[in-house]
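Heads up: the structure comes next, in structure tokens.
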Protein chains: 2
Amino acid sequence: MTDELAAPTPAEREPVEPELVESESGRSESGKPQSGKPRMRADAKRNTEQIRRAAIDAFRGRGLAVPLEDVAKAAGVSKATVFNRFGGRIGLIEAVIEELVAAELYAIVDHARTIANAGERIAYYLAAIRELQYRQPAVNDVLLQMYPESQQLMAICHVAGEFNAELIAAGHASGELRAEFRTDDLEALVHDSALALKYGTRPPVADYDRRTTFLLDGIRRPRE
Amino acid sequence: MTDELAAPTPAEREPVEPELVESESGRSESGKPQSGKPRMRADAKRNTEQIRRAAIDAFRGRGLAVPLEDVAKAAGVSKATVFNRFGGRIGLIEAVIEELVAAELYAIVDHARTIANAGERIAYYLAAIRELQYRQPAVNDVLLQMYPESQQLMAICHVAGEFNAELIAAGHASGELRAEFRTDDLEALVHDSALALKYGTRPPVADYDRRTTFLLDGIRRPRE
DNA sequence: CCACAAGTTGACCGATGGGGTCAGTTTATC
DNA sequence: GATAAACTGACCCCATCGGTCAACTTGTGG
């Protein structure tokens, strides 16, 4: 599977999308023999994985806009090799975004869905998503759709967006969420956090968490 | 007075600060004759005012980062003339920031101070400052201290910062503000708004105002 | 071991957006 | 009319980073 997910070789670079689609189809169809000879040299395979790991580390600490030169250096290869193996930044993002962002984000969504009480579900989700945003700059790049050419990035946003709507509906149905607080308000709230973290100074964690509390209290339905 | 506040002429450009200081001192000391011959040609004087007005318009719609080329074009002069008359962006900001930002911001502060009830004062101030931020991109550049070399800009921030502390103290003394909400929380709140407006998409005004309400409700002391 | 294609790379190019400069020209003033 | 103030079109520079390519290196199969 790693072979198919690796960036196309230089010869295949132009039809990047068709190649990936083709690989996906091939993987989806059972019965395809995996015993064929490897399509990538050992050094290329090794480099690809090193670049992938270096990208995950770099993106994790500094977000998706890290200079590719830095990723290459951390992987011990030249920048041109990053282009050769992954086609560029988008290809690199596509290769790591599942492990880097989607896994954790979807885990939060999945866990939230197990919480029966709507008010608690919203409180859990908002706190968890904000904590993830605080800790993971790449998450903010995703939520802000900084690289819309990345299909996987956009798919993650789509999932998060749908869950926002789900949360709001449940909160209103249960009466625990103030009536005027809408899906786009929740989206703006998360989006503004992303912008503040991306372009501002990250505050001490205690301050940040305290402010999550204020936000939550501002969207609860007042008790009569 | 406009003459003294105009940018130095090319010959005086290097000692920009001393010249301004000197002009300030001269103005402060009474008795200096104002009947002397003008120190600027009529065209220079006219251009300086045109640039000033063009800058106010441009900064008002798009913030302090507007390309100087755009300001020059709107003023009907060359970019070099902007440099000649104002020394550059900082000089231009210094020439307009009082009228552009300080006047309105200080009016909000002054009016807030007339409100006796602390809770209402905070509500008024937060709504008014957020409304100003929404309407005036330049205000966000000021609050974000985008140009720290501008003394007047930094002075405005200082005033706003002191008023934040005043507000918080009054809110706590009256018991209408939740105890954990601190000065730096208020500053972060305003700051985050500035970042969201500067780097994000400006939402419809109704949505924005609604969100001001949520913020306010999140910082009020809960009623027992 | 050799041939050869895959794979890598150091050096370089180009884009971007706008700040800033200057020699030549124009204009206001005395 | 002389002259200094003022203006300007053309150009330079910057800093960063995405992207390319001819030359070189390396892995693989026969």
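In what follows, chains are A, B, ... by sequence order, proteins preceding strands, each numbered from 1. Since we're looking at a predicted model, the values are computed, not measured.
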Inset, instruction - Taking only the side-chain heavy atoms of Ala44(B) (C-beta and beyond), determine which of dA6(D), dA28(C), dT8(D) contains the nearest atom. - result: dA6(D)
Inset, instruction - Look at the side chain of Asp43(B) and decide which nucleotide, out of dT8(D), dT8(C), dC7(D), has an atom nearest to it. - result: dC7(D)
Legend entry - Separation of dG19(C) P from Phe86(B) CZ (nearest whole Å): 15 Å
Inset, instruction - Return no unless some side-chain N or O of Asn47(A) is found under 4.0 Å from OP1 or OP2 of dG7(C). - result: no
Inset, instruction - Return the value, rounded to whole Å, for the distance between atom CG of Leu64(A) and atom P of dG18(D). - result: 12 Å
Inset, instruction - Check whether the side chain of Arg41(A) and the base of dA6(C) form a donor-acceptor pair under 3.5 Å. - result: yes
Inset, instruction - Look at the side-chain N and O atoms of Ser78(A) and state whether any lies under 4.0 Å from the OP1 or OP2 oxygen of dT8(C). - result: no
Legend entry - Lys79(B) (side chain) and dG20(C) (base): donor-acceptor pair under 3.5 Å: yes
Legend entry - Electrostatic pair Arg62(B):Asp70(B) at N-O distance under 4.0 angstrom: yes
Inset, instruction - Using the test side chain to side chain donor-acceptor pair (under 3.5 Å), find all partners of Glu131(A) that sit at least two apart in sequence or belong to another chain. - result: Arg135(A)
Inset, instruction - Can you tell me the distance, in whole Å, between the NZ atom of Lys73(A) and the P atom of dT16(D)? - result: 13 Å
Legend entry - Whole-Å gap separating P (dG18(C)) and OH (Tyr147(B)): 10 Å
Legend entry - Euclidean distance, atom CG of residue Asn84(A) to atom C1' of dT9(C) [Å, nearest integer]: 9 Å
Inset, instruction - Could you work out which one of dT8(C), dT9(C), dC22(C) sits closest to the side chain of Val77(A)? - result: dT9(C)
Legend entry - DNA chain C: 5'-proximal contact among Ala42(B) and Leu68(B) (nearest heavy atom): Leu68(B)
Inset, instruction - Round to the nearest Å and state the distance from Arg46(B) atom CZ to dT29(C) atom P. - result: 9 Å
Legend entry - Closest-nucleotide 5' rank along DNA chain C - winner of Glu69(B) and Gly76(A): Gly76(A)
Inset, instruction - Using a strict cut-off of less than 4.0 Å between a Lys/Arg side-chain nitrogen and an Asp/Glu carboxylate oxygen, indicate whether Asp184(B) and Arg211(A) qualify as a salt bridge. - result: yes
Legend entry - Arg53(B) bridged to Glu49(B) by N-O distance under 4.0 Å: yes
Inset, instruction - Starting at atom CG of Asp70(B), determine the distance to atom C1' of dG17(C), rounded to an integer number of angstrom. - result: 11 Å
Inset, instruction - Only counting residues at least two apart or in another chain, list the ones meeting side chain to side chain donor-acceptor pair (under 3.5 Å) with Arg210(B). - result: Asp185(A), Asp207(B)
Inset, instruction - Nearest whole angstrom, please: distance from the C1' of dT9(C) to the CD1 of Ile51(A). - result: 12 Å
